[in-house]
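Every heavy atom of this structure was used, including side-chain atoms; hydrogens, water molecules and symmetry mates were not. Below, chains carry the letters A, B, ... as their sequence lines are ordered, and counting in each starts from 1.
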Amino acid sequence: MYADVILPLALNQTFTYGIPVEWEGQMERGRRVLVQFGQRKLYAGIVLRIHNEQPGYDVKPILEIEDEIPIVTELQLEYWRWLAEYYMCSMGEVMNAALPAAFKMQSETKVSRNPELEVDEAELKDDEFQVYELLLELDSLRISDLGKKLNWKNPMPVIRRMYAEGYVNLDEEVKGTVKSKTERRYRWPEGYGEELTQDAFDQLKRAKVQSELLLAYFKLNTDKENPWVREADLLKATDSNRSPLKALVEKGWLEEKVFPVEPERIAAVESAPTLSDQQALAVQNLNTAWEDKITSLLYGVTSSGKTEIYFHYIHECIEKNRQSLFMVPEIALTAQMVKRLQSHFGDKVVTYTSRLSDRERLEVWERMLDPERRPLVILGARSSVFLPFTDLDFVVVDEEHESSYKQFDPAPRYHGRDAAIILAHYHKARVLLGSATPSIESYQNAEEGKYGYAELTKRYSGIRLPVVEAVDIRKETIRKQMHGHFSPRLLEAIKDQLEQEKKVILFQNRRGFAPVVICQNCGHSEQCVNCDITLTYHKLSHQLRCHYCGYSIHPPTKCKSCGSVELKMQGFGTEKIEEDLQVILPNARIARMDLDATRKKNSFQKLVDRFEKGEIDILIGTQMVAKGLDFEDVGLVGILSADSLLNYPEFRAHERAYQLMSQVAGRAGRREERGLVLIQSFQPDHRIIQQVTTYSFEEMFREQRADRKQFHYPPFYRLIHIEMRHVKVEVVSDASDFLAGRLQGIFGKRVLGPEFAPIARVRGQYHKRIILKIENGLSLPKVKKALQTEVKRLDFHKDHRKVRVYFDVDPV
DNA sequence: AGCACGCCGACT
DNA sequence: GTCGGCGTGCTC
Ligand SMILES: [Zn+2]
Ligand SMILES: [Zn+2]
């Protein structure tokens with residue numbers, strides 16, 4: 001029998017291996033196996049298919065079966081296949097994204113001296129002698145390390161020569177030995193009766209500790225259903241060590257077994273929420289919609305109680321003993337959120353994010369596969385769609401409009417929300433997309449009736465919407481009345497809040513505002529040598545750094561272009577704002593919340609706690625302050641520059657600006673008092689700003705939808721980006737011109753470009769981009785097939801074939 | 001994607 | 001003459 005195995009490679013195919021006869025019985029789809037690929041490399045792969053079709057080439061055998069059970073379900077394999085096709089990548093790439101790192105195995109070759117062979121050192125060539133000498137010192141080492149130690153670029157030819165002569169041995173070392181936590185437990189053997197026998201006592205009368213251990217076992221084993229007692233408990237009760245325990249096991253008085261460590265017990269203290277009238281109506285609408293639809297959209301304004309609806313359904317699933325997935329953007333998965341779910345669902349909740357350690361992720365996966373330990377509620381980021389659900393009934397995608405749900409690098413470039421919907425299709429589960437500012441796509445789907453729809457338009461009683469005001473900073477800028485980035489209106493409002501002992505949040509957009517060093521004489525700024533990027537200043541390391549490739553230099557003291565020493569740091573980042581504001585308000589307690597300030601573990605939570613306790617008056621933050629945090633007593637929210645949000649050269653810029661500003665505004669005065677939101681802008685009359693100040697989501701939606709239709713964007717057209725990369729600009733240009741020409745022949749004016757990507761050169765490679773706009777109604781699979789065919793044509797040309805081609809389906 | 005093999009320029 | 005550059009082809 002043969003097995004087609006998925007390997008962790010960007011190759012659009014599986015590889016067929018022979019199943020050793022003795023394993024034929026236990027071979028199944030979804031098994032993790034160790035195989036050799038190429039000359040010596042070993043990989044762990046997943047069995048996709050088992051069959052009897054003998055291939056026309058010699059197959060290699062499967063070397064090991066890695067686990068007791070298949071670690072990937074049949075449903076997951078089909079799901080992987082769908083994702084690979086839709087996002088135009090290999091199943092190996094999907095597998096890489098899906099599996100916890102602890103399941104991945106990859107070998108490295110190690111060299112060691114052949115102890116059998118007498119070596120005549122005179123016979124060795126120079127380079128061989130260097131290797132030999134090194135191996136006398138260290139008995140074995142990886143080939144890559146050997147190369148580094150000897151400072152050789154390619155040590156392999158020498159090693160191969162020495163291997164052929166028999167001087168050295170080569171072994172494959174499979175790295176990666178992360179295991180889930182286990183513990184030993186013991187039981188009184190089955191059939192020995194209910195209690196300790198006199199017989200046992202007699203035989204152990206000279207072994208005092210062993211008798212004590214047995215007594216302790218019977219004292220500790222109170223659970224009739226479960227005879228196993230943890231080793232740690234036994235040792236603690238008798239104040240002994242492992243050796244008497246071992247003796248008991250050897251003599252057969254106790255049985256030993258290894259168990260996975262049980263997660264901490266957490267009691268659920270909250271029961272299903274009582275729904276308000278409007279929530280009950282929404283639930284009723286959703287239930288009706290789900291009768292014939294998979295997905296429903298819940299449009300609920302801030303503080304209207306979307307979460308109660310989510311919890312209502314999750315409670316329902318738990319009662320049915322079925323699984324639910326609560327998906328949130330990674331940035332919103334805060335300790336606050338975890339606690340809130342645990343108060344409702346106790347230890348039935350498990351979180352799954354990239355912030356977990358390899359072992360923790362492995363443990364979640366293993367629990368999902370074990371019917372006895374299966375968690376019922378997964379709170380997770382986008383990657384939780386890859387978990388081995390066995391009985392998924394309900395999926396929430398909270399903040400469904402969030403663009404951070406889209407994975408970018410590496411492939412598969414999947415959208416967490418869309419992938420969750422497909423997953424739900426496979427499970428015949430229900431999906432609830434929730435947002436206070438739904439995406440144009442989802443809202444359109446709801447309008448068209450593709451999605452069910454429910455809304456919550458009323459806030460909890462007593463909660464009033466903040467007053468949102470646009471602050472025109474054109475005049476102030478011309479009249480030089482701005483204090484740095486602060487208009488007199490904003491400063492006054494901040495001072496006012498501080499007097500009232502209220503808190504202030506200031507929002508500065510993250511992107512494009514990192515500080516840069518600019519020559520005041522000629523305007524020159526330091527560029528990365530590998531990328532088309534201006535180096536930005538990092539305070540921590542006191543360096544100028546490229547955030548694409550990591551290239552960094554010390555800040556220059558004079559301009560490299562004109563030699564002038566008049567260099568000035570310019571930027572609008574949170575650091576700068578903090579400094580400026582501290583000068584204006586020396587007594588205010590100001591803190592920053594951005595990626596830099598929260599990089600250290602727990603620093604985020606500490607900031608949140610301090611702000612909550614009132615130890616900080618003003619919190620200056622990026623996108624981070626907008627998501628998932630709920631502070632009391634915030635009287636004022638200031639958005640320092642709306643223009644940067646509105647002026648992005650992306651088709652979603654306006655939609656996103658609306659969403660972000662609304663979300664930030666929602667941080668003001670959520671309890672009792674009415675808060676104030678000030679939006680500074682050079683274009684205070686901009687439609688989007690007007691719509692934010694008047695809370696006109698519907699109007700924004702209609703206008704944006706019209707724009708999308710007119711300019712051929714989603715939800716009326718689907719986009720595919722084809723990105724081509726090569727070190728030589730002529731090579732990419734030629735190849736992309738050729739491909740675009742071919743594609744125009746098929747798709748006509750649906751093809752745009754090629755153009756240089758927004759950042760034309762990254763890590764020394766030039767990037768060119770072709771955009772395909774496919775109207776709804778055209779078969780996407782057919783389009784993709786034609787596209788693949790044309791891309792394959794690049795292989796027939798000696799220069800075009802050198803170009804790497806990447807796809808991004810539904811780019812954000 | 002990685003990795004081995006093979007054929008040409010610049011160094012001992 | 002050897003070293004090592006990369007272009008070419010293959011991996012079950
Ligand atoms: Zn760079
Ligand atoms: Zn200069």
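Between A:Ile46 and A:Leu99 there is a side-chain heavy-atom pair separated by less than 4.5 Å. Counting heavy atoms from C-beta outward, A:Leu7 and A:Met95 have side chains that stay 4.5 Å or more apart.
Using a 30° and 60° split on the angle between ring planes, A:Tyr713 and A:Phe651 fall in the parallel class, below 30°. Between A:His712 and A:Tyr717, the ring planes lie parallel to each other; the angle is under 30°, not in the 30° to 60° tilted range. Using cut-offs of 30° and 60° on the angle between ring planes, the pair A:Tyr132 and A:Phe129 is tilted.
Put simply, OH on A:Tyr43 is 12 Å from P on B:dA1, counting in whole angstrom units. For the pair A:Glu108 CD and B:dG2 P, the interatomic distance rounds to 12 Å; values are reported in whole Å. In this structure, A:Lys792 atom NZ and C:dG9 atom C1' are separated by 17 Å, rounded to whole Å. C:dC12 atom C1' lies 9 Å from atom CG of A:Asp4, rounded to whole Å. We find that NE2 of A:His800 is positioned 15 Å from P of C:dG7, with the value rounded to whole Å. Taking atom CD on A:Gln36 and atom C1' on C:dC10, their separation rounds to 14 Å, with Å as the unit. The CZ-P distance, from A:Arg161 to C:dC3, rounds to 7 Å in whole Å. Atom P of nucleotide B:dA4 and atom CZ of A:Arg160 are separated by 5 Å, given to the nearest angstrom.
Using a 4.0 Å cut-off, no side-chain N or O of A:Arg801 falls inside it from OP1 or OP2 of C:dG7. Within the structure, every side-chain polar atom (N or O) of A:Lys798 is placed at least 4.0 Å from both OP1 and OP2 of C:dG7. Residue A:Tyr17 places at least one side-chain N or O under 4.0 Å from the OP1 or OP2 atom of C:dC12.
With B:dA4, B:dA1, C:dC12 as the candidates, the nucleotide lying closest to the side chain of A:Arg40 is B:dA4. Closest contact between the side chain of A:Lys41 and the listed nucleotides C:dC12, C:dT11, B:dC3 involves B:dC3. Here the nucleotide nearest the side chain of A:Gln39, chosen from B:dA1, B:dA4, C:dC12, is B:dA4.
Residue A:Glu93 is classed as having no contact, given no heavy-atom separation below 4.0 Å to the nucleic acid.
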